[in-house]
K.L.:
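Below are the structure tokens for one structure; questions will follow.
As the structure is a computational prediction, the values presented were derived from the model and not from experiment. The basis for the numbers below is simple: all heavy atoms, side chains too, and nothing from hydrogens, waters or symmetry mates.
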Amino acid sequence: FAFNEATAISNAFQTSPTASTTSSSIMNDALIEFDNMVEILKNNNISVAVVEGNGYPDEVFPNNWLVFLERPQYATFPMCAVTRRGERDKLNDALLEVNKVLLQTNQNQQDQQQTLYDISKGIDFSIENEKLEKYMEGTGSIVFDHKNKLAYACL
């Protein structure tokens with residue numbers, strides 16, 4: 001995790017490092033904050049799927065490039081910063097981790113195949129919209145799956 005000049009222009013939450021902060025101290029603080037949030041969610045019986053990143057500067061706080069629709073569908077969305085678009089390379093890993101969580105929380109063995117996300121059922125809004133410079137981003141969201149008592153969050 002590090003300061004990302006490309007996204008700082010449109011993200012008021014980012015500030016450039018000062019003499020008293022180092023890249024490693026910023027990364028350490030961000031990872032502690034992330035791990036603490038995962039622990040809080042799990043302690044409150046909320047299933048969490050964590051996907052290791054590719055090393056992009058601010059991917060520990062992902063943009064809303066992936067949305068889970070009614071299973072088995074999902075959608076991917078455009079990202080304004082070119083430096084963050086590579087985060088979508090982890091799509092397969094993200095779907096796998098979410099499916100693992102679903103399998104762990106699903107009590108009905110017969111229904112499991114019908115409730116998983118399918119890589120072939122994706123709707124990609126990213127490529128064409130990025131060419132047109134059309135973006136709909138935020139710094140985080142939470143989606144509730146009331147039927148299965150799950151919450152999907154970008155924190």
K.L.:
Ion pair present between E97 and K100, side-chain N to carboxylate O less than 4.0 angstrom?
P.N.:
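Result for this pair is yes, salt bridge flagged.
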K.L.:
May I ask you to check whether Y74 and F68 place their ring centres under 6.0 Å from each other?
P.N.:
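So the answer is no for these two rings.
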K.L.:
Just by modelled atom types, is the S120 backbone N or O under 3.5 Å from a matching donor or acceptor in the D118 side chain?
P.N.:
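Yes; at least one donor-acceptor contact below 3.5 Å.
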K.L.:
Nearest 0.5 Å please: distance from the CG atom of L66 over to the CD atom of E87.
P.N.:
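Interatomic distance, L66 CG to E87 CD, rounded to 0.5 Å: 11.0 Å.
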K.L.:
Could you pull out the closest heavy-atom pair between N44 and I40, with the gap in Å?
P.N.:
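Closest pair (atom of N44, atom of I40, distance): ND2-O, 2.7 Å.
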K.L.:
Nearest 0.5 Å, please: how far is CH2 in W65 from CZ in R88?
P.N.:
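CH2 of W65 is found 8.0 Å from CZ of R88.
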K.L.:
Look at the side chain of Y117 and the backbone N and O of L69, then say whether any donor-acceptor pair between them is shorter than 3.5 Å.
P.N.:
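Answer holds: yes.
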K.L.:
Atom CG of L31 and atom CG of N36: how far apart are they, to the nearest 0.5 Å?
P.N.:
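Going from the CG atom of L31 to the CG atom of N36 covers 10.5 Å.
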K.L.:
Would Y135 and E133 count as a side-chain contact (heavy atoms from CB on, under 4.5 Å) if you check the C-alpha gap in whole Å, the side-chain angles of each, and the deciding distance to 0.1 Å?
P.N.:
CA-CA 6 Å; Y135 316 103; E133 297 183 353; 3.7 Å; yes
K.L.:
Give the minimum heavy-atom separation between V101 and A49, together with the two atoms involved.
P.N.:
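It is CG2-CB, 3.8 Å.
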K.L.:
Before you tell me yes or no, could you show the steps for I123 and Q73 under side-chain contact (heavy atoms from CB on, under 4.5 Å), namely the whole-Å CA-CA distance, both residues' side-chain angles and the distance that decides it to 0.1 Å?
P.N.:
CA-CA 8 Å; I123 304 166; Q73 290 189 313; 4.1 Å; yes
K.L.:
Can you tell me how far CZ of R71 sits from NZ of K121, rounded to the nearest 0.5 angstrom?
P.N.:
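Nearest 0.5 Å value for the NZ-CZ distance: 15.0 Å.
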K.L.:
Any link between L91 and L102 through a network of hydrophobic side chains (Ile, Leu, Val, Met, Phe, Trp, Tyr) touching at under 4.5 Å?
P.N.:
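L91 and L102: one cluster.
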K.L.:
Are any non-hydrogen side-chain atoms of L116 and L103 less than 4.5 angstrom apart?
P.N.:
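When only atoms from C-beta onward are counted, L103 and L116 do touch, with a gap below 4.5 Å.
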K.L.:
When you compare the side chain of D93 with that of E52, does any pair of heavy atoms fall below 4.5 Å?
P.N.:
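No, too far: nothing below the 4.5 Å cut-off.
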K.L.:
I46 and F34: same hydrophobic cluster, using ILVMFWY side-chain contacts below 4.5 Å?
P.N.:
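Linked within one cluster.
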K.L.:
Rounded to the nearest 0.5 Å, how far does SG of C80 lie from CZ of R85?
P.N.:
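R85 CZ to C80 SG: 7.0 Å, rounded to 0.5 Å.
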K.L.:
Look up atom OG1 in T76 and atom CD1 in I127, then write down how far apart they are to the nearest 0.5 Å.
P.N.:
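These two atoms lie 7.5 Å from each other.
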